[in-house]
Amino acid sequence: MRATVLYGAGDVRIENVPDARLIEPTDALVTVSRACICGSDLWPYKLMKPGEPPRRMGHEAIGVVEAVGSGVHTLKVGDVVVMPFAYSDGTCAFCHEGLHTSCVHGGFFGTVELPGAQAEALRIPLADGTLFVLPVGADEALMASLLTLSDVMGTGHHAARAAKVGRGRTAAVIGDGAVGLCAVIAARRLGAEQIIMMGHHPDRIALAKEFGATDVVKERGEEAVARVRELTGGFGVHSVLECVGTDEAMRAAIGIARPGGAVGRVGVPHYETIPASETLFYNNLTVSGGPAPVRAYIGELLPDVLEGRIEPGRVFDRVIGLDGVPDGYRAMDERDAIKVMVRP
Ligand SMILES: [Zn+2]
């Protein structure tokens, strides 16, 4: 079968690899009908060091169950499933608490340890706990939005939860990638009254407004902080949804949070320590967040997707086949595309 392999910074290839197959009794084998390229895939794409082992990329997919192991009880051949970016048993203490990304038996797709979803097929460990069966006959037109339940919509929702977004509160979203745009949807869905989008790409800003952003701040750094304060009566926002992961983004997040407010961070951190700790302290700010337990959120978000109340699938602005994947990485890296869908 064909799959995406990252060999080094900027070096992503489509190769013939051994067919995915069942290994453990709790595995399922899934044929990928849709996958995508994630903003987080761009970190190794940009920064992979010489000597690091190759990685089979991809951690978001919708597919069809082709085979199940003898220990799989809730899935059957032919089920249409969505796959969260992490696998989990669904039964341990953390899964019961809704924190599937900390599952004691879990792990992540698209790593050196476990091949990823930008491929014709993949093996799903702990399939009963990991996969979510979609209602049969889900409309073709909904597939893009359903695919975002693998990661970006659940991750945007996690940012909103971690930032304590609530009815009548003010929020700001840092990052105008697919996660940031989904964070706008999530903030509106949870009742935020004012949603400030921090970004400056015209196409992304336009989409953010359609998703519910009420204000846009195009400035960066100190100027951005000042502008957000202006828009919020001088106080800053209750909730900051930090969807980038750089020191600069975190600094801005802390700078625009209102005293007593919260920062929900879902951008993979590329800083050693959280900056601006004095501001954090004196303003009584909360910093929360981490890898989103998207498996826990699918049940909550799915009805809104199925009934068209949210349309996170609009973040996809390019659809390619597997052959187009290397160019898809380039396009997302150069911010030429917001998010690329792959139809193997
Ligand atoms: Zn677990």
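Order of appearance sets the numbers: ligands from 1, and atoms from 1 within every ligand. Only this structure's heavy atoms are used, side chains among them; waters, hydrogens and symmetry mates stay out.
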| query | Angle class for the Phe108/Phe85 ring planes (parallel below 30°, perpendicular above 60°, tilted otherwise)? | reply |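 Rings of Phe108 and Phe85: parallel, as their planes differ by under 30°.
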
| query | Between the side chains of Asp151 and Thr155, does any donor sit under 3.5 Å from an acceptor? | reply |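 Per modelled atom types, Asp151 and Thr155 side chains form a pair under 3.5 Å.
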
| Do we see a donor-acceptor contact under 3.5 Å between the side chains of Thr246 and His270? |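 No.
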
| task | Measuring from the Zn ion (ligand 1), count protein N/O/S atoms under 2.8 Å, please. | result |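 My tally for this metal is 4.
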
| field | Short side-chain to backbone donor-acceptor contact, Glu222 and Val225, under 3.5 Å | value |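 It does not hold such a pair.
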
| message | Closer than 3.5 angstrom, by distance alone: can the side chain of Thr31 be matched with the main-chain N or O of Gly63 as a donor-acceptor pair? | response |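 Answer holds: no.
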
| Other residues, nucleotides, ligands: >12 heavy atoms within 6.0 Å of Glu272 CD |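 Atom CD in Glu272 is not crowded, with 12 or fewer foreign heavy atoms closer than 6.0 Å.
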
